[in-house]
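Input: a single structure, listed below in structure tokens.
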Amino acid sequence: MVFVIRRLLQAVLIALVMSVLVFAGVFAVGNPADILIDPEATQTDRLRLIQQFGLDRPLHEQYFIFLGNVLQGDFGNSFVFNRPALHIIFERMPATLELAFAAILIAVVIGIPLGLWAGLRPNAFSSKTIMAGSILGFSLPNFWQGIMLILLFSVTLGWLPVTGRGPVGEFLGIRSSFFTLEGLRHLALPAFNLAVGLLALVIRLTRAGTLEVMPQDFIRFARAKGLRERRVIFIHLLRNILIPVVTVVGMSFGGLIAFAVVTETIFAWPGMGKLIIDSINVLDRPIIVAYLMVIVLVFILLNLIVDILYSIIDPRIRLEEAGQ
Amino acid sequence: MTIASVTPPPVPKPGAIEGEAPWRGIVREFAKSWTAMFGLILLVLIVLIAIFAPLLSPQNPYDLASLSIMDNRLPPGETGWSGMTFVLGTDGQGRDMLSAIMYGLRISLGVGVVSCTIALFIGLAAGLAAAYFGGRVDTIIMRIVDLHLSFPAILIALILLAVLGRGIDKIIIALIVVQWATFARTVRGAALAERRKEYIEAAQCLGLPQWRIVFGHLLPNCMPPMMVIFTVEIASAIALEATLSFLGVGLPITQPSLGLLISNGFQFILSGQYWISVYPGIALLVLIVAINLVGDHLRDVLNPRNAQ
Amino acid sequence: MSTLLEITELQTHFLSERGAVKAVDGVSFTVNRGEVLAVVGESGSGKSVTGLSVMGLIDKPGKVVGGTMQFDGQDLSSLSPEAMRQLRGNRIAMIFQDPMMTLNPVLRVDTQMIETLRAHRDISKKDAWTLCRDALARVGIPAPDERMRSYPHQFSGGMRQRVAIAIALLNDPDLLIADEPTTALDVTIQAQILALVQGLVTERGMGVMWVTHDLSVVAGFADRVVVMYAGEVVEEGPVDRVISQPTHPYTLGLIGSVPSRNKRGAPLTQIPGSTPSPINRGTACRFMPRCRFAQTKCEEHPPLIESATGASRCWFQDEVAAQSREVA
């Protein structure tokens with residue numbers, strides 16, 4: 001419990017530090033009036049907005065006004081959509097989350113079996129091919145690999161749609177592309193594109209874990225008990241490998257959301273990532289600021305959850321905590 | 001006893017022969033792996049192409065006078081209006097792709113090397129300071145580094161470029177900010193391991209000046225892991241720059257790196273004109289793989305103490 | 001006493017780049033029902049590999065390349081992998097050296113016990129649970145109901161070995177192969193485990209093959225001893241005779257290197273040199289380079305020569321016996 005509270009306080013502190021950095025970036029560098037006010041606004045509008053944001057006051061007062069606005073979720077209106085920036089971000093968030101979940105699913109469902117295969121037959125040609133593929137997965141620049149996917153599956157083969165998000169279905173009150181066939185067809189390429197790096201990582205982790213665990217005595221003992229090979233591998237081996245894999249996958253969730261920026265741009269996926277790139281290109285500052293603060297909060301929250309979960313998953317770690 | 005007798009113990013290197021300069025053993029060990037040598041030869045070739053691009057390329061792709069809009073989007077191997085054969089085809093402005101790629105390599109490599117070198121020095125200073133002074137200096141520096149590394153590089157770069165705007169100087173700044181923390185953490189790890197050794201204590205007892213301990217003993221021992229990280233980081237800097245340029249937040253169109261070339265070709269992909277995107281992409285991939293092959297094997301040969 | 005396991009000229013090799021490593025190189029012995037056979041030898045003598053060969057648990061690049069293993073009338077090497085699996089943990093059980101490593105760290109003890117039962121017979125989880133709890137109680141684990149739900153790291157080393165023994169004996173095996181199960185334990189715990197196994201063995205009348213490097217551990221416990229050296233059996237006989245009057249110089253050396261109670265103050269002897277390369281052992285007696293009895297005759301590899309009280313692989317076993325009588 002003390003551990004959780006300490007981590008929470010740390011998280012709040014980091015959030016404050018990040019808010020100062022974002023504030024410094026937006027307000028202290030350059031003329032904040034240019035950044036926050038639509039360049040096409042009239043002179044009277046400008047003056048009114050300068051009053052509202054307190055841009056004529058000293059810097060530290062401006063920060064507290066900024067912080068107050070942030071806490072109320074008020075980042076101003078988007079220049080482009082002329083609606084509150086935060087609302088637009090929240091509208092786009094489900095599409096990004098859906099993409100990230102699909103990528104994790106792909107990485108785990110494909111990565112763990114391939115890693116197991118490569119780890120159980122380390123010298124087989126098939127295993128070496130898998131490992132070479134995973135190295136390529138690390139080296140391939142994500143965006144170029146996305147373009148190649150489009151070229152191969154959409155342009156050349158014509159199997160999958162090129163861009164955009166398909167229709168969403170509703171199931172148990174959750175609206176997602178997972179629930180319609182057309183939605184899944186649209187999701188396939190972008191999700192795979194986003195998954196490749198993580199997939200390569202999961203393959204390597206699983207293989208390394210398999211190589212480490214298989215020679216251990218408890219595997220030999222499990223066999224000496226006369227267990228079927230299936231049970232030895234899928235219960236005794238897999239349970240041991242799963243702890244590091246789950247941790248890494250959990251911690252990579254934030255990275256996926258960040259990298260979704262690239263995938264969403266290539267596949268015109270209407271999520272937060274595409275929104276931020278579009279906003280940067282048209283200098284829609286309120287959206288940029290709102291995105292930054294939201295993503296920072298998401299990251300802090302994720303790190304917090306992973307830390308707490310990790311102490312729950314591994315029985316050995318729990319004991320060490322209690323022993324201290 | 002003279003001060004000069006306080007020298008670090010020789011670090012045993014794999015395959016080292018008594019009385020031989022340590023770097024020779026490293027070179028010999030490195031040359032044993034043909035994949036690494038292949039990567040090295042490839043890399044040298046790419047660097048030479050990049051340096052001598054103006055001499056080697058069939059066309060100056062940014063001299064508007066030598067371009068003809070009539071030649072636009074010619075497929076590979078086609079001969080153009082002016083009688084010139086375009087081995088890799090042309091882009092939307094009738095620019096020879098081969099020449100554009102050669103010039104693009106120049107920019108991509110240049111940005112990667114410059115930003116990594118500056119980041120290396122910043123990281124070196126921060127890491128050595130943290131390791132040597134310890135205590136509060138160490139805590140503060142490492143807190144910043146940890147916070148920094150808990151956010152993905154692309155996000156930090158994106159935030160910075162959103163604030164700074166595009167431009168070659170700006171993307172270099174962004175890459176430096178993204179990368180210094182990795183260097184700092186590596187240097188600190190290596191320096192701390194070295195600092196605990198007895199000869200450093202002996203040097204301190206002898207009253208050797210601090211700058212001599214730091215630069216004469218700590219710094220040289222940080223070099224092997226730094227070389228590895230430096231190579232690998234150049235590859236990731238190049239990939240990151242290409243990504244950011246592709247997203248349209250990196251380099252301006254006047255500085256066409258490989259990423260921008262790929263980005264320009266992306267709009268033609270759907271109409272099947274693959275070469276404008278595919279060939280610069282292959283060049284980028286080959287460059288990154290070559291650097292990684294060299295870096296990976298350097299890691300094995302130098303075996304940095306704090307390899308993860 | 002009827003024969004339970006008969007190993008004849010067993011050869012288990014490990015293929016390496018430099019040639020086949022002949023870990024077990026022509027081993028023959030038998031284990032009878034209701035008997036404890038101690039297999040003694042130093043590390044690298046092939047004693048553990050022999051045990052694993054019987055279990056069919058030799059990992060690649062190892063392979064049983066020759067000889068036969070008759071278990072209760074069945075030739076083990078002719079069995080299909082599935083038939084072999086059905087035998088393992090059911091009619092032949094095994095326990096290992098390091099109790100810290102034999103139990104899976106991330107699975108609860110009840111999971112690891114129940115699966116052993118259910119791999120061999122159709123039994124409900126509930127019934128299996130009760131059986132397992134009783135098995136834990138029988139090996140002397142206090143509060144077995146609670147301990148069933150614990151993870152291995154919550155047990156001490158001795159308790160973990162008790163759990164491993166309970167698991168091995170769950171299906172009432174005919175043969176128990178114990179690979180140095182007390183080596184990693186404190187001496188007091190060692191004695192407890194020995195007493196426990198002895199009790200369970202007499203109670204059930206099973207055969208035991210107890211692999212150890214320490215002759216003194218099995219002195220009061222085993223019925224017969226097989227001494228292994230460099231991949232082969234060098235001496236075999238009833239435990240009392242082998243200890244009091246060894247007929248092979250290696251066994252004599254082994255006994256001389258053990259601190260003994262009745263020879264206080266006498267210096268410990270050690271066997272000079274080390275074992276020959278397991279890849280190429282040559283055609284001479286394998287112990288010859290280290291043997292103080294060695295003569296020209298020893299250039300020829302001796303067979304296992306049977307006598308009234310066992311067998312010895314030494315041309316000069318009478319001289320060795322005479323010398324050992326003298327020492328005693």
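Values in this document were obtained by computation on a predicted structure and should not be read as measured data. Convention: sequence-line order gives letters A, B, ...; per-chain numbering from 1.
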Non-hydrogen side-chain atoms of F221(A) and I167(C) separated by less than 4.5 Å: yes
Part of L52(C) within contact of chain A (heavy atom distance under 4.5 Å): side chain
side-chain contact (heavy atoms from CB on, under 4.5 Å) between N123(A) and K60(C), worked out: CA-CA 12 Å; N123(A) 296 317; K60(C) 275 184 185 169; over 6 Å; no
Pair R220(A)-D179(C), salt bridge (charged side-chain N to carboxylate O under 4.0 Å, His left out): steps then yes or no: CA-CA 12 Å; R220(A) 195 169 261 182; D179(C) 187 1; over 6 Å; no
E115(C): which of R230(A), K225(A), R228(A) passes salt bridge (Lys or Arg N to Asp or Glu O under 4.0 Å): K225(A)
More than 12 heavy atoms of other groups within 6.0 Å of E146(C) CD: no
Euclidean distance, R239(A) CZ relative to L107(C) CG, rounded to 0.5 Å: 5.5 Å
Heavy-atom closest pair, residues F96(C) and D217(A): CB-OD2, 4.3 Å
M94(C) portion near chain A, given a 4.5 angstrom heavy-atom threshold: both
Neighbour count above 12 (heavy atom, 6.0 Å) for W117(A) CH2: no
Backbone N/O of Q112(C) and side chain of H236(A): donor-acceptor pair under 3.5 Å: no
Whether R85(C) side chain and G226(A) backbone form a donor-acceptor pair below 3.5 Å: yes
Point-to-point distance, once rounded to the nearest 0.5 Å, from CD1 of I219(A) to CE of M101(C): 10.0 Å
